[in-house]
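Written out below as structure tokens is the structure these notes cover.
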Amino acid sequence: MNVLEFSGTVFAIACLAGFLGSLTGLGGGVIVTPALTLLLGVDLRYAMGATLVSVIATSSGAAAAYVKEGFSNIRLGMLLEIATTLGAVAGAHLLSIAPVPSLAVIFGVVLLYSAWSSLRPPGDAGDGAPDPLASKLRLNGAYPAAQGSIRYEVARVKTGFSLMFGAGILSGLLGIGSGAMKVIAMDRVMRIPFKVSTTTSNFMIGVTAAASAGVYLSRGYIEPGLAMPVVLGVLSGSLLGARRLAAARSASLRFVFAGVVGLLAAEMIYNGFSGGIR
Amino acid sequence: MTEHRLEELMGNLLRAGVLSAGAIVLAGGIWLLAAEGLSQPAYHHFHARVYGLRSFGTLSAPEAVVLVGLLALIATPIARVVFAVIAFALRRDRAYIIISLVVLAVLLYSIGTSWL
């Protein structure tokens, strides 16, 4: 396979991943890395570097739309970004000392978890006790709805902050956005309404990924020739997906996609243990 | 500046960043494929070669253009944080000026590791 054919194949995979990722809300980046390593035999670190850059592209593109709609909580995002960026830098440094097979196994476990969590219904925000720290930091907000603006209060700020540090580590260690972890911290722990957590998490993913990107560059994980078709593919796929979002957010599609992600996850874990990924 | 206006500006900043970075990557990518399309890809084994700004001199011209696009993409969220610092400063929101500056410091540290 020459560079032209290789880039075409990578572009097609990335485009499909971006399309399905934005339709199902799982994010396109999460399946590009296993697809590149398992199908095309790309080194795991190169695949992670290319995917990380594509995560910045899709997150910033989507955040542009969400921020304008007024769903994202910018103060909350900014505060939690302290935790995610510190975690990301730590994770990116860990990546250079962690053995590659163990990375494949961790990647598989995280994928498996994302697939499973994407099938669960959105958590009910309910009424956890509002955190006094939240009102001190003015984190409580409101979001637009059909019946007017709905107010919400943020719970367990410190626990959420620590979980975000963990999400940052995973993001830096694996070159992913770890959107699933971020949503869980905000949605289930901090009791933030689902729509606000997903859009604020999206808003944070780009900054988190940028924090890993510098370290990735310094270690040579970002190869322009590979990142080019990945970025362009994921970006065009997710733009197409976002355009069709209203039409086709079907449960069956989610189920199929989660199944594919689950299979890739199992293969990553198997290859990590059997020495297929070194 | 109202909250809504702020959010609108931030949205436009992000969109402009992604679109211009994407266009640079696309232009560099077409050039790269035209110039080196028939060679063999070498991504099966890890061999660090490209280190941000330091390696601009050693890259081929089309690769350098793609790298400029990728750097513009990485710079987009950083520009967003700089924008947040300015916006909070305009409102004299001291707590959030400090919070955004901390985030910016972490980002600059990370970028610094690849440029120094």
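Order of the sequence lines sets the chain letters (A, B, ...), proteins ahead of strands, with each chain counted from 1.
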Counting heavy-atom pairs under 4.5 Å to chain B, which of [options] comes out on top?
options                          : value
V42(A), V231(A), V207(A), T37(A) : V207(A)
T84(A), I222(A), L226(A)         : L226(A)
H93(A), R138(A), R75(A)          : R75(A)

Heavy-atom distances under 4.5 Å only: say whether L86(A) touches chain B with side chain, backbone, both or neither.
both
S212(A) portion near chain B, given a 4.5 angstrom heavy-atom threshold
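Only the backbone of S212(A) comes within 4.5 Å of chain B.
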Portion of [X] that has a non-hydrogen atom of chain A nearer than 4.5 angstrom:
X      : result
R80(B) : side chain
V25(B) : both
I99(B) : both
Q40(B) : both
D93(B) : side chain
A64(B) : neither
H45(B) : backbone

Tell me, out of A21(B), G29(B), S39(B), G28(B), who's got the most heavy-atom pairs with chain A below 4.5 Å.
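Result: the option with the highest number of such pairs is S39(B).
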Taking every non-hydrogen pair under 4.5 Å, which of S100(B), G37(B), A48(B), G69(B) racks up the most with chain A?
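Winner by heavy-atom pair count: G37(B).
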Work out which heavy atom in [X] is nearest to a heavy atom in [Y]; give both atom names and the distance.
X       : Y       : answer
V18(B)  : S60(A)  : CG2-CB, 3.4 Å
L33(B)  : S7(A)   : CD2-OG, 3.5 Å
S110(B) : A210(A) : OG-O, 4.1 Å
A227(A) : L70(B)  : CB-CD1, 3.7 Å
A84(B)  : M78(A)  : CB-SD, 3.9 Å
L73(B)  : I56(A)  : O-CG2, 3.4 Å

Could you point out which residue of L44(A), D43(A), V100(A) forms a side-chain contact (heavy atoms from CB on, under 4.5 Å) with F46(B)?
D43(A)
Taking the six-membered ring of Y51(B), is NZ or CZ of R219(A) closer than 6.0 Å to its centre and within 45° of its axis?
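Pair R219(A)/Y51(B) does not count as cation-pi.
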I82(A) side chain near V106(B) side chain, heavy-atom distance below 4.5 Å:
no
side-chain contact (heavy atoms from CB on, under 4.5 Å) between L217(A) and I74(B), intermediate numbers included:
CA-CA 10 Å; L217(A) 265 175; I74(B) 295 168; 4.2 Å; yes
Has the side chain of Y96(B) got a donor or acceptor atom that lies under 3.5 Å from a matching backbone atom of L79(A)?
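Side chain of Y96(B) to backbone of L79(A): no pair is present.
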N/O donor-acceptor pair under 3.5 Å between Y43(B) side chain and L40(A) backbone
no
